[in-house]
S.K.: 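Handing you a structure now.
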Amino acid sequence: MRYLPKSDAERAAMLREIGASSIDDLFAVIPEEYRLARDLDIPRQMGESEIVEWFRSAAAKYTVRHTSFLGAGVYRHYRPCIIDSLVQRGEFLTSYTPYQAEITQGTLQAIFEFQTMIAELTGMDVANASMYDGSTGAAEAVMMAVRVTGRDGVLVARTVHPEYREVMHTYAQHREAETGDVMREVGYDPDSGRIDLAALEAAVTDQTACVLVQSPNFFGIIEDIPAIADIAHKKGALLVVSIAEAISLGIVRPPVEADIVSMEAQSFGVALCYGGPYCGVIAAKEKYVRQMPGRLVGQTTDRNGYRGFVLTLSTREQHIRREKATSNICTNQALVALMATIFLTVYGKEGIRELAEHNLAKSAYTAQVLAAGPGARLRFTGAPRFHEFVLHTDEDPAAWHHRLHEEKIVGGLELNRWYPELDHATLWCTTEIVPREKIDIAAKQLAAVSVEA
Amino acid sequence: MRYLPKSDAERAAMLREIGASSIDDLFAVIPEEYRLARDLDIPRQMGESEIVEWFRSAAAKYTVRHTSFLGAGVYRHYRPCIIDSLVQRGEFLTSYTPYQAEITQGTLQAIFEFQTMIAELTGMDVANASMYDGSTGAAEAVMMAVRVTGRDGVLVARTVHPEYREVMHTYAQHREAETGDVMREVGYDPDSGRIDLAALEAAVTDQTACVLVQSPNFFGIIEDIPAIADIAHKKGALLVVSIAEAISLGIVRPPVEADIVSMEAQSFGVALCYGGPYCGVIAAKEKYVRQMPGRLVGQTTDRNGYRGFVLTLSTREQHIRREKATSNICTNQALVALMATIFLTVYGKEGIRELAEHNLAKSAYTAQVLAAGPGARLRFTGAPRFHEFVLHTDEDPAAWHHRLHEEKIVGGLELNRWYPELDHATLWCTTEIVPREKIDIAAKQLAAVSVEA
Amino acid sequence: MSNVLTPEASGTAPAGDTRTLGKVRPHQTQNEALVFEKSSPGKKAYRLAQLDVPAVDPGALLGDAVRREPGELPELSEIEIIRHFTRLSTWNYAIDLGMYPLGSCTMKYNPRVNELVARIEGLAEAHPYRPDFLAQGQLDVVDLLQKCLIEITGMDAITMQPAAGAHGEFTGILLTRAWHQSQGDPRRTVIIPDSAHGTNPATAAICGYSVENLKSNAEGGIDLEALARQVNDQTAALMLTNPSTIGVFESQIHKIAEILHANGALLYMDGANMNALCGKTRPGDFGVDVMHLNLHKTFSTPHGGGGPGCGPVACKAFLEPFLPIPVLVKDENGDKHWNYDRPQSVGRVRAFFGNFGMFVRALAYILANGPDGLRQTTEDAVLNANYIRKKLEDVYDLPYNTPSMHEVVFSDRRQLKNGVRTGDIAKRLIDYGFHPYTVSFPLIVHGALMIEPTESESREELDLFVAAMRQIAREVEENPQLVLDAPHSTRVSRLDETTAARKPILRYRKPA
Amino acid sequence: MSNVLTPEASGTAPAGDTRTLGKVRPHQTQNEALVFEKSSPGKKAYRLAQLDVPAVDPGALLGDAVRREPGELPELSEIEIIRHFTRLSTWNYAIDLGMYPLGSCTMKYNPRVNELVARIEGLAEAHPYRPDFLAQGQLDVVDLLQKCLIEITGMDAITMQPAAGAHGEFTGILLTRAWHQSQGDPRRTVIIPDSAHGTNPATAAICGYSVENLKSNAEGGIDLEALARQVNDQTAALMLTNPSTIGVFESQIHKIAEILHANGALLYMDGANMNALCGKTRPGDFGVDVMHLNLHKTFSTPHGGGGPGCGPVACKAFLEPFLPIPVLVKDENGDKHWNYDRPQSVGRVRAFFGNFGMFVRALAYILANGPDGLRQTTEDAVLNANYIRKKLEDVYDLPYNTPSMHEVVFSDRRQLKNGVRTGDIAKRLIDYGFHPYTVSFPLIVHGALMIEPTESESREELDLFVAAMRQIAREVEENPQLVLDAPHSTRVSRLDETTAARKPILRYRKPA
Ligand SMILES: Cc1ncc(COP(=O)(O)O)c(C=O)c1O
Ligand SMILES: Cc1ncc(COP(=O)(O)O)c(C=O)c1O
């Protein structure tokens, strides 16, 4: 096997030195009846060219270069090519969690830079080294709020990504089992598309550990964070803000009133890759740092006085605290966090704003031309949005989806799957990479509704 | 401009420190009338995404994934992917010629390994660090032979790649101008497709500096090197063997009787890239090393006794010898030589043979099924060949080329372009990457000759 | 010149060589400040494509929601960024540079073809909400990988959703809980051996179970009697790592399963050590009910300095109804779809379908190996560990002399006499050009040296490692201070972790 | 902490820092033997696809022509190969690691997007004999790049065939020769200033010209009187580098052209230093008849440890008929073709069309810059050189005080007093973390230090370089031996070149 650095002669020699007569001696401890006497029933060993060909044809089953207006928590932005050339350096790609600081300063300093950038963008004091993704990050943020407040109740806006909410439910299960329905959802205002503040006010109690909202929310609407914070804080509950589109922070006011921010950083140079790997991250106010889940890198000096970085506050973590740990997370998304760090370094202070503006402009144009079609209108126009919007069409989306596919375009996502009340409503996203001509084609096709409709 | 590491403020500050009032001061030496007062008339500055898009669409103009039976000096073999991941490491990609040995040992040791591998494969004693390509390498090999022998005449087989011969003519021009027709061509045997030994024997004189043949030759035929060597050596001429398909050395006897070997190493993991960059290399008998063109890396030790490598015998080269140098070459094809070195390390002693065998088998099969068609027959069956063959079709190649293109197949190359006597003859190459099904489709289309033909 | 042929002399140390220690020699590395310290206003590394739609006024569109204070991100040019991260990278050790015998982490070779195929545009640019009919290629990848992993583990069903091992544990324990509940028999405790990895108890806890510790027996394995005594009608499951964290196969594994099953409890297997079993034996055959795999260990996906990983969970048929949604199904025309209609599901553990990019890499690895390759890989991994054990057992204390599988665990007992601990030996090992083994884990071994070479090490590299470890043992006798002050050959040495934790500096702040 | 903000302290040297010299600090690098020394029979790093046609018997097919003795290629596994070349790479200095001020070599940043686009399948996998109608995309690249280079140089026509600068010189001089011949006036000599690069005389010689040396004047430039005296009816051309190799623009360039043209001779310009002129002035405007460019200098294609390069030759209309075949033409439908029917052509200088992969990279660079970017690039390159000159002219001898363009040349005159030569200063510079400047060239400056920073260096890096050079000057005064023994921080130091040349070992041989 071409990955194995041994010849049969070397294997034989090593067995001799061990004093084993054959390799089977080393597996003798496995009870006879459980030893596999046959080949595994998996495809035969392939050559590299065959492997590449196999994946090429799998990839080709989807005609690449479709234009897509899908967003909904996963956003296609241009990825500067230096990200890939840097993260593929073996020194980053093939090293482990930086337990041995003397020979992992590269990874450690990069994570420290990542933590700083996330804190700067979110308006929080500190950020961790990453979580699995935005959905598990949100669930961990909620558990963190429960630890901080010693309370159990959790209020989640229905405008939060439906799959994020499902994950939070899964994580809350056992607490539900014990203390009953700990997690409740708060509806949204039908014309602003924002969380219903009155309903929220009514729902928050002194048993509420936290209120969790997403902004921009699942409909692309920017929530009124200051107002929500007031409501939560009045009752001593924490405010957790989940951010699924990190690019929005280039132009949208950061949720400085929040106590914890849980963000999905996929937009920062990470490929869509059919859903992962992405990069969650939790940021918070300084005072909560010892309740944070996940790894943290801190600055220190070595015995000669050189500045250096180390994994720190690990008494929070499973390998020290075991069942008392703040989380069970061990492996995180380090390399993806590095991609995000490079992305943010490429765009920098000015670029992230300019990029966000382009997204805003593209989406505004798309909304305008799509809504101009017969029987089409925008939903939730009562509040500001970033680069996603909800479109209502009198025509059944299935019908125009078909017309768009003919043009190699994937249109907006149907919302009735999660919001039965939003029938014929679709969620559209336009990032900077969608060319105007495709937007116009989409508009033309949408407008080409057959008269009967 | 995003590649420039300066802000305007920094530029201004630096100008101040220099004592210049503006950047124009630094260009004042250029006579007014020659200073460009306008913008260059070239495309506007583009973003990275626009650049990638521009080249993507240019590339897409040729529907990729055509199957090609083209060879003729440029061969498509599978390129193991580690080659690209290794040569893209900045430490290799962005370093210069290893003039400062202390900080270029990586490049130097790799070249030393390249020189060794080429010597091993060609059966020569020594090899240089690379030449531009196989054609210029051949021309330099001829000039080297002229220096070695002090003679002027050069005999080149007509079975040598036509463009290689054109390049040799170009390099010989000035000597022609002085001493008349110094370079003459020797025809080939019509049924073996090998150089006409009798004609060669007749042509070699005691003024012949060298005989240059290619093997496998342009028709894919393996020349009878021992016989040719006898003829050349009898008259004190050197034998120079040019090799355009380096993979052949996995299975074809190396030209050990040659005095100089000039090889194109493109087949060793180098992309076709529409004709370059490739990698020429010159190998020779030890005694001629001081007449070699190009760079040589030698082993030595440093002041602490560590083994190390340096550029050596540079008294042959232009930067020392100036007009008396063995060649004017300076920049060569170092990174491509590194690709070849990695390729040869991947395949190794066994793999290069196995790979060559697969090529032999693929080509034998192709020749058989194509020649089976009506009005088709193989030329030059009188001598062994590697993975190329000449096919004669009664039908005009233009006609079946058209049918093949319909199937996204590019068929054999028409030879009458260089060999008027070989009308309706096409040169076919099948490497290991051409799948059998495509070969069968090509055969089917070729056989589908309209009755009139 | 002859000396260049002995492995010790790779790089050809001359006689009386003073600067080569083991297999490394000092050279220079570039210093590099924090990216923020290299920033200056107006430098740019980006340029956007020309905007082809009308520009907008953010203030007008967003009102109060507009950002007024930009985040303090750095401003650099492209070459500075390339240099910044290239220089940083040169401070890292990595598999690509040498042996990385971190026990329990399976630091094996990460094939480059995996990276290539994971970047094929049709795979890398696929949106997870793309309609299934446009995602058949992606679903083929998921489907084939699932089939392979089910065959390798000998289980009946699998979910690819978990993002890492600990996440897999979480998912697996949720399945256990859901099954018990479905039996109308919710249970309260999970039994975990004291040799277990920290994620096991942490997982049981976040799933709401109380953790019961099980003391290992004299061989560091499961004490059957103790287990039998401990299991009761409140026991939901035993979380077992097999081979154990000391690299020993639980030869009584089937009895363990019997005891649990007899009490209505389940056997959860932490599959972190599957690299010792692949192709040689299957957990599904020896009684495991549910387990997780670490694709970033056994199946060669890169660790990337700490992640991303992928922790699929395989289970027996009776647990299948509880798998997270969605699950992959095939319709009558053979088209593949995601099925969300699973009333008994524990729900989602992650948005979308999991770390698909890691699926691609792991599948590429399996295809590159085939049945014969995977078996040979496992055999070589075990051979390497036993070779190291053999070559070091006379100088380092072997707390358990039960046969080793893919890793061997020593203790620092002998070195402790000279005041040298496993952590010090680890630091000294750095001077010899190796990444240290896993330090102080598992906890059942006081001062553990946990060494997992994996199959990816050549005999030459193993011999260099053995030579270094033996030399260090000698140094501990002759000059312990040398070891206590190690490493001596690195850019930084012995960073102050206490201060780092006492006064945490977790971010850069621009000096006022 | 404040010190981290001063460039000198990048990487934050503590007070009393002993190990940081300039901007580097020692760290360990892995040793690595020759790949042949790591080989052992039976190890494999390859696996071919299954053969889908009948296998053949090579012996039967090839007879005597079959190879009986395989070449002694190494046998390794994939991970060993990755480690071998990764370890080797860590011994190299590179632009990606820091400033590389090799005068005359224009070591500027090599943008990564160039590498990306050069690898787009449709470009990378295109066969040169593909019919033109299938190659329109490739021809678009050639066409646009040619147009840009013609505009940048102010010439009328161009050939992209030459593989490097020296190859371009060869081509350009052949054009000259062909034109003279076409005038029925073949000439015998080429005049070359003593400041010229070695390739110039070497080229003239292989083109069959006798080389006449032209002594530079007191400013290191062309001595007009001397030139006027020397040019005669046998002078084919003057090969001029402008700016000259001492980085000085020939302000009399138009007069030089007049003198030559008045005598029927041509002005050849070596365009190696176009990085000083791009977008600011055009050789075609100031009288140049023919010139070459180095895409691997001015246009950012990577040097790759010595190549590949690309040396296009641009010329005035009267030389166009002599360009190498084929040339790119457009037909009435705007389709592009290669035209081979050029009776007056000098012939081919290379097979196929040149280093196409370099065309792609250079064009990507030009598109990334645009007119404004190219101008700014040139201005920054000249600014950087003058900044260094200003900061060092008080400690290093400036042989000519004519204004510098993109590079500055000092001499070691002052240091020589203490027995230290330019080569020693260069070696010491390595200890400070920089690649040395070009040593002992041009020849008109005794003990030259030829420094070309290019536009790619930030002020921070320049200041570190200046600080290092000034510190070395001090060391030369106070402790010359320190400099004479440099470098002290590298894996190897002061290799024995004499023995290497006297008893050349040019390949590895397996010990018997
Ligand atoms: C035995 C064992 N179990 C569980 C884990 C956790 O896996 P992950 O880090 O992927 O969450 C590890 C990882 O080190 C491990 O070694
Ligand atoms: C002034 C000058 N002319 C010509 C050349 C030769 O160019 P190349 O190395 O590309 O052949 C060089 C390269 O160093 C040079 O500096």
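Convention: sequence-line order gives letters A, B, ...; per-chain numbering from 1. Here the structure is a predicted model, which is why all the values come from computation and not from measurement.
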S.K.: Can you tell which part of Lys43(C) gets under 4.5 Å to a heavy atom of chain A, answering side chain, backbone, both or neither?
M.R.: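 Interface part for Lys43(C): neither.
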S.K.: Go through the side-chain N and O atoms of Asp84(A) and Gln88(A) and say whether any donor and acceptor fall under 3.5 Å apart.
M.R.: yes
S.K.: Relative to chain A, which segment of Ile152(C) carries a heavy atom at a distance below 4.5 Å: side chain, backbone, both, or neither?
M.R.: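 Both backbone and side chain.
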S.K.: Quick one: what part of Leu116(C) sits under 4.5 Å from any heavy atom of chain A, side chain, backbone, both or neither?
M.R.: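 The answer is the side chain of Leu116(C).
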S.K.: Tell me, for Lys427(C) versus chain A, whether the close heavy atoms (under 4.5 Å) come from the side chain, the backbone, both or neither.
M.R.: side chain
S.K.: At a 4.5 Å cut-off on heavy atoms, which part of His435(C) comes close to chain A: side chain, backbone, both, or neither?
M.R.: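 Both parts, heavy atoms under 4.5 Å.
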S.K.: Using non-hydrogen atoms and a 4.5 Å limit, figure out which bit of Ile23(A) sits close to chain C: side chain, backbone, both or neither.
M.R.: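 The answer is the side chain of Ile23(A).
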S.K.: Taking side chain as everything from C-beta outward and backbone as N, CA, C, O, which of these in Ile342(A) sits under 4.5 Å from a heavy atom of chain C? Side chain, backbone, both or neither.
M.R.: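 The answer is both parts of Ile342(A).
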S.K.: About how many Å separate CZ of Arg130(C) and CD of Glu125(C), when rounded to the nearest 0.5 Å?
M.R.: 9.5 Å
S.K.: Using a cut-off of under 4.5 Å on heavy-atom pairs, state which of Met117(A), His319(A), Glu317(A) scores highest against chain C.
M.R.: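 The candidate making the most pairs under 4.5 Å is Met117(A).
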S.K.: In terms of heavy-atom proximity below 4.5 Å to chain A, should Glu75(C) be classed as side chain, backbone, both, or neither?
M.R.: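 Contact with chain A: side chain only.
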S.K.: Please classify the contact between Pro131(C) and chain A as side chain, backbone, both or neither, with a heavy-atom cut-off of under 4.5 Å.
M.R.: side chain
S.K.: For Pro308(C) and Thr331(A), which heavy atoms make the closest approach, and how far apart are they?
M.R.: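 Minimum heavy-atom contact is C-CG2, 4.3 Å.
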S.K.: Using a cut-off of under 4.5 Å on heavy-atom pairs, state which of Gly250(A), Pro31(A), Ala356(A), Gly134(A) scores highest against chain C.
M.R.: Pro31(A)
S.K.: Which bit of Ile18(A) comes within less than 4.5 Å of chain C, counting heavy atoms only: side chain, backbone, both or neither?
M.R.: both
S.K.: Hey, what's the ring geometry for Tyr164(A) with His161(A), parallel, tilted or perpendicular (30° and 60° as the breaks)?
M.R.: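 The arrangement is parallel - the two ring planes meet at less than 30°.
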S.K.: Output all residues satisfying side-chain contact (heavy atoms from CB on, under 4.5 Å) with Glu357(A), sequence neighbours left out; order by chain, then residue number.
M.R.: Ile251(A), Arg353(A), Pro58(C)
S.K.: Given heavy-atom pairs under 4.5 angstrom as the criterion, report whether the side chain, backbone, both or neither of His401(A) touches chain C.
M.R.: neither
S.K.: Tell me, side chain or backbone of Pro43(A) under 4.5 Å from chain C's heavy atoms, or both, or neither?
M.R.: both
S.K.: Need one label for His84(C): side chain, backbone, both or neither, based on atoms under 4.5 Å from any heavy atom in chain A.
M.R.: side chain
S.K.: Hey, does the Lys NZ or Arg CZ of Arg177(C) hover above the aromatic six-ring of Tyr209(C), less than 6.0 Å from the centre and inside 45° of the axis?
M.R.: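 Checked: cation-pi criterion met.
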S.K.: Could you tell me the separation between the CG atom of Leu383(C) and the CD atom of Gln376(C), rounded to the nearest 0.5 Å?
M.R.: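 Reported to 0.5 Å precision, the distance equals 9.0 Å.
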S.K.: For Leu360(A), is it the side chain, the backbone, both or neither that has a heavy atom under 4.5 Å from a heavy atom of chain C?
M.R.: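 Both parts, heavy atoms under 4.5 Å.
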S.K.: Among Gln109(A), Arg89(A), Arg2(A), who wins on heavy-atom pairs under 4.5 Å with chain C?
M.R.: Gln109(A)
S.K.: Under 4.5 Å heavy-atom distance to chain C, tell me which part of Ile222(A) shows up: side chain, backbone, both or neither.
M.R.: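 Just the side chain, heavy atoms under 4.5 Å.
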S.K.: Counting the benzene-type ring for Trp, do Tyr274(A) and Phe352(C) have ring centres under 6.0 Å apart?
M.R.: no
S.K.: Would you kindly say whether Thr377(C) and Asp380(C) are connected by a side-chain donor-acceptor distance under 3.5 Å?
M.R.: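 Short answer, no.
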S.K.: Please report the interatomic distance CG(Leu174(C)) to CD(Glu169(C)), rounded to the nearest 0.5 Å.
M.R.: 11.5 Å
S.K.: Of the backbone (N, CA, C, O) and the side chain (C-beta and beyond), which part of Ile320(A) lies under 4.5 Å from a heavy atom of chain C, both, or neither?
M.R.: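 Neither; nothing under 4.5 Å.
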S.K.: Please check if the distance between the ring centroids of His167(C) and Tyr132(A) is under 6.0 Å.
M.R.: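 Yes; Tyr132(A) has its ring centre under 6.0 Å from that of His167(C).
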S.K.: Given heavy-atom pairs under 4.5 angstrom as the criterion, report whether the side chain, backbone, both or neither of Ala204(C) touches chain A.
M.R.: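 Neither part.
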S.K.: Heavy-atom pairs under 4.5 Å with chain A: which of Gly347(C), Ala55(C), Ala49(C), Gly279(C) has the most?
M.R.: Gly279(C)
S.K.: Tell me, side chain or backbone of Glu151(C) under 4.5 Å from chain A's heavy atoms, or both, or neither?
M.R.: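 Its backbone and side chain both get close to chain A.
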S.K.: Report which part of Ile81(C) has an atom under 4.5 Å of a heavy atom belonging to chain A: side chain, backbone, both, or neither.
M.R.: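 Both parts, backbone and side chain.
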S.K.: Enter the distance from Tyr3(A):OH to Tyr109(C):OH here, rounded to the nearest 0.5 Å.
M.R.: 6.5 Å
S.K.: Could I get the full list of salt bridge (Lys or Arg N to Asp or Glu O under 4.0 Å) partners for Glu120(A), not counting sequence neighbours?
M.R.: Arg507(C)
S.K.: Look at His296(C), Arg68(C), Lys147(C), Lys44(C) and state which one has the largest set of heavy-atom pairs under 4.5 Å with chain A.
M.R.: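 With the most close heavy-atom pairs to chain A, the winner is His296(C).
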S.K.: Side chain, backbone, both or neither: which part of Ala364(A) has an atom under 4.5 Å from a heavy atom of chain C?
M.R.: side chain
S.K.: May I ask you to name which of Ala127(A), Pro254(A), Ala110(A) has the most heavy-atom pairs under 4.5 Å with chain C?
M.R.: Pro254(A)
S.K.: Can you tell me which portion of Thr281(C) sits under 4.5 Å from chain A's heavy atoms? Options are side chain, backbone, both or neither.
M.R.: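 For Thr281(C), heavy atoms of backbone and side chain both lie under 4.5 Å from chain A.
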S.K.: Could you tell me whether the side chain of Asn328(A) and the main chain of Ala166(C) form a donor-acceptor pair under 3.5 Å?
M.R.: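 Judged by distance alone, yes, a pair lies under 3.5 Å.
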S.K.: Are any of the side-chain nitrogens in Lys362(A) or Asp52(C) under 4.0 Å away from the carboxylate oxygens of its partner?
M.R.: yes
S.K.: At what distance, to the nearest 0.5 angstrom, does OH of Tyr306(A) lie from CG of Asn304(A)?
M.R.: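 One gets 6.0 Å once the value is rounded to the nearest 0.5 Å.
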S.K.: Under 3.5 Å, side chain of Gln173(A) to main-chain N/O of Val346(C), donor-acceptor pair present?
M.R.: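 A pair under 3.5 Å: yes.
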S.K.: Is Ser130(A) close to chain C through its backbone or its side chain, or both, or neither, when contacts mean heavy atoms under 4.5 Å?
M.R.: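 No part of Ser130(A) comes within 4.5 Å of chain C.
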S.K.: Assess the pair Phe27(A) and Phe249(C): is the distance between their ring centroids shorter than 6.0 Å?
M.R.: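 So the answer is no for these two rings.
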S.K.: Under 4.5 Å heavy-atom distance to chain A, tell me which part of Asn110(C) shows up: side chain, backbone, both or neither.
M.R.: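 Contact with chain A involves the side chain of Asn110(C) alone.
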S.K.: Using non-hydrogen atoms and a 4.5 Å limit, figure out which bit of Arg56(A) sits close to chain C: side chain, backbone, both or neither.
M.R.: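 Both the backbone and the side chain of Arg56(A) come within 4.5 Å of chain C.
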S.K.: Can you tell me which portion of Asp41(A) sits under 4.5 Å from chain C's heavy atoms? Options are side chain, backbone, both or neither.
M.R.: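 Contact with chain C involves both backbone and side-chain atoms of Asp41(A).
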S.K.: Could you have a look at Arg375(C), Met358(C), Glu497(C) and say which one has the most heavy-atom pairs with chain A under 4.5 angstrom?
M.R.: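 Top option by heavy-atom pairs under 4.5 Å: Arg375(C).
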S.K.: How long is the straight-line distance from CG of Leu34(C) back to OH of Tyr508(C), given to the nearest 0.5 Å?
M.R.: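 Answer rounded to 0.5 Å: 7.5 Å.
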S.K.: Where on Ser456(C) is there a heavy atom nearer than 4.5 Å to chain A: the side chain, the backbone, both, or neither?
M.R.: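 For Ser456(C), the contact with chain A is made by the backbone alone.
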S.K.: Below 4.5 Å from any heavy atom of chain C, which atoms of Tyr347(A) appear? Answer side chain, backbone, both or neither.
M.R.: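 Both backbone and side chain.
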S.K.: If you draw a 6.0 Å radius around CG in Asp39(A), do more than 12 non-hydrogen atoms from other residues or ligands fall strictly inside?
M.R.: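 Yes, because the 6.0 Å sphere around CG of Asp39(A) holds more than 12 heavy atoms from other groups.
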S.K.: Relative to chain C, which of Thr116(A), Thr94(A), Leu344(A) shows the most heavy atom pairs under 4.5 Å?
M.R.: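 Highest number of pairs under 4.5 Å: Thr94(A).
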S.K.: Does the pair Lys280(C)/Glu379(C) count as a salt bridge with the N-to-O cut at 4.0 Å?
M.R.: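 Between Glu379(C) and Lys280(C) there is a salt bridge, with a charged N closer than 4.0 Å to a carboxylate O.
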S.K.: Does any backbone or side-chain atom of Glu17(A) lie under 4.5 Å from a heavy atom of chain C? Answer side chain, backbone, both or neither.
M.R.: both
S.K.: Top residue by heavy-atom pair count (under 4.5 Å) with chain C, among Tyr78(A), Tyr171(A), Tyr96(A)?
M.R.: Tyr96(A)
